[in-house]
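Each chain gets a letter, A, B and so on, in the order the sequences are listed, and its residues count up from 1. Computed from a prediction, not measured in an experiment: that's the story for all the values here.
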Protein chains: 2
Amino acid sequence: MDKRQTFAKQARMLKALAHESRLLIVDRLSRGESSVGELRELVGGDLSTVSKHLALLRAHGIVEDRREGTSVYYRLVTPCVCNFFTCATQVLKERSR
Amino acid sequence: MDKRQTFAKQARMLKALAHESRLLIVDRLSRGESSVGELRELVGGDLSTVSKHLALLRAHGIVEDRREGTSVYYRLVTPCVCNFFTCATQVLKERSR
DNA sequence: CACCTACATGGCAAATTGGCCAACAGGGCA
DNA sequence: TGCCCTGTTGGCCAATTTGCCATGTAGGTG
């Protein structure tokens with residue numbers, strides 16, 4: 001397997017996560033499903049903007065959605081994505097010393 | 001501490017890492033110092049492009065540089081950034097199932 | 001059916017990013 | 001001093017990203 005291609009894949013995923021609103025969303029979803037409306041309250045801004053963040057996360061296989069009545073609920077596909085928070089926190093802590 | 005601001009910081013760092021060439025560079029540096037020229041051979045492209053990637057990583061506190069003669073050697077400030085590779089690999093693996 | 005609620009999508013403008021070339025700068029050496 | 005060698009910085013352009021508004025769509029209700 002080409003190392004280069006592996007890094008390309010990883011870069012695409014990191015890019016998908018590398019946004020304040022999307023991190024907020026992932027963090028919230030790590031504690032259970034949420035509807036788009038709920039997530040919108042969390043991150044603020046236009047509903048369509050939140051919807052696009054979710055579409056992007058979905059396109060990268062990070063979240064899945066489920067329709068229930070008129071609402072759409074999102075959840076994490078791979079809960080281990082939260083390990084990124086641990087990594088990031090550690091790096092930021094060590095960096096500041 | 002504001003959660004939002006923490007995620008903003010983490011997003012900035014993730015963004016700094018979220019590029020194929022920069023991941024290649026970080027991976028290489030995780031195995032020891034390298035000069036800009038060596039890194040250029042690794043990632044290809046223009047030397048100035050590599051230099052800018054390094055400047056970006058430096059600006060985010062991910063790498064440091066050291067001048068020795070006419071060469072400049074780079075190294076990781078926080079080797080724990082490599083944990084990101086573990087996270088990313090795991091997510092990609094789980095996602096593909 | 002009409003209408004409302006909850007989202008998704010298209011489209012656009014502003015801001016950011018990425019990569020090349022050209023020009024500049026620091027250190028070593030004849 | 002003049003000339004390489006090794007990087008860095010500025011400038012420019014193409015491509016991507018972000019967020020808003022307007023419009024479209026799916027499901028529920030009267």
For atom NE2 of A:His60 and atom C1' of D:dT16, their distance in whole Å: 12 Å
Side-chain donor/acceptor of B:Thr6 to backbone N/O of B:Asp2, under 3.5 Å: yes
Residue whose closest nucleotide on DNA chain C lies nearer the 5' end, A:Lys15 versus A:Ser35: A:Ser35
Sugar-phosphate only, base, or nothing, as touched by A:Tyr74 at under 4.0 Å among non-hydrogen atoms: sugar-phosphate
Rounded distance in Å - OH (A:Tyr73) to P (D:dA26): 20 Å
Distance, rounded to the nearest Å, where B:Leu14 contributes CG and D:dT17 contributes P: 15 Å
Nearest-angstrom distance from the residue atom CG of B:Leu47 to C1' of C:dG18: 16 Å
Residue pair B:Tyr74, B:Arg58: steps toward the side-chain hydrogen bond (donor to acceptor under 3.5 Å, both in side chains) verdict: CA-CA 9 Å; B:Tyr74 279 84; B:Arg58 179 157 26 81; 3.1 Å; yes
Any side-chain donor near an acceptor of the partner, B:Ser35 and B:Glu68, under 3.5 Å: no
Salt bridge (charged side-chain N to carboxylate O under 4.0 Å, His left out) between B:Arg66 and B:Glu33, worked out: CA-CA 10 Å; B:Arg66 168 178 73 82; B:Glu33 286 190 342; 2.4 Å; yes
Integer-rounded Å distance: D:dT8 P and B:Arg58 CZ: 6 Å
Given DNA chain C, 5'-ward residue of the pair B:Gly44 and A:Glu38, judged by closest heavy atom: A:Glu38
Among D:dT8, C:dC7, C:dG26, the one nearest B:Thr70 by side-chain distance: C:dG26
Close side-chain approach of A:Phe84 to A:Leu23, heavy-atom, < 4.5 Å: no
Test item: A:Val43 and A:Ile25 side chains (from C-beta on) under 4.5 Å apart, heavy atoms: yes
Closest nucleotide among D:dG7, C:dC7, C:dT17 to the A:Val36 side chain: C:dC7
side-chain N/O A:His19 vs C:dT16 OP1/OP2, d < 4.0 Å: no
Pairwise 5' ranking along DNA chain D for A:Glu68 and A:Asp46, keeping only the more 5' one: A:Asp46
A:Arg22 side chain near D:dT18 phosphate (N/O to OP1/OP2, under 4.0 Å): yes
B:Asp27 side chain near B:Cys82 side chain, heavy-atom distance below 4.5 Å: no
Donor-acceptor pair present, A:Ser48 side chain and D:dC21 base, under 3.5 Å: yes
Touch class at under 4.0 angstrom, heavy-atom based, for B:Arg40 against every strand present: nothing
Distance, rounded to the nearest Å, where A:Leu17 contributes CG and D:dT17 contributes P: 14 Å
Stretch residues 49-56 of chain A: residues that reach within less than 4.0 Å of DNA chain D through a heavy atom: A:Thr49, A:Lys52, A:His53
Atom-to-atom span, CZ of B:Arg12 to P of D:dT17 - whole angstrom: 20 Å
Nucleotide D:dT6, atom C1' - distance to CG of B:Asp65 in whole Å: 13 Å
Atom pair OG (A:Ser34) and CD (A:Glu41), whose distance is rounded to the nearest 0.5 Å: 10.0 Å
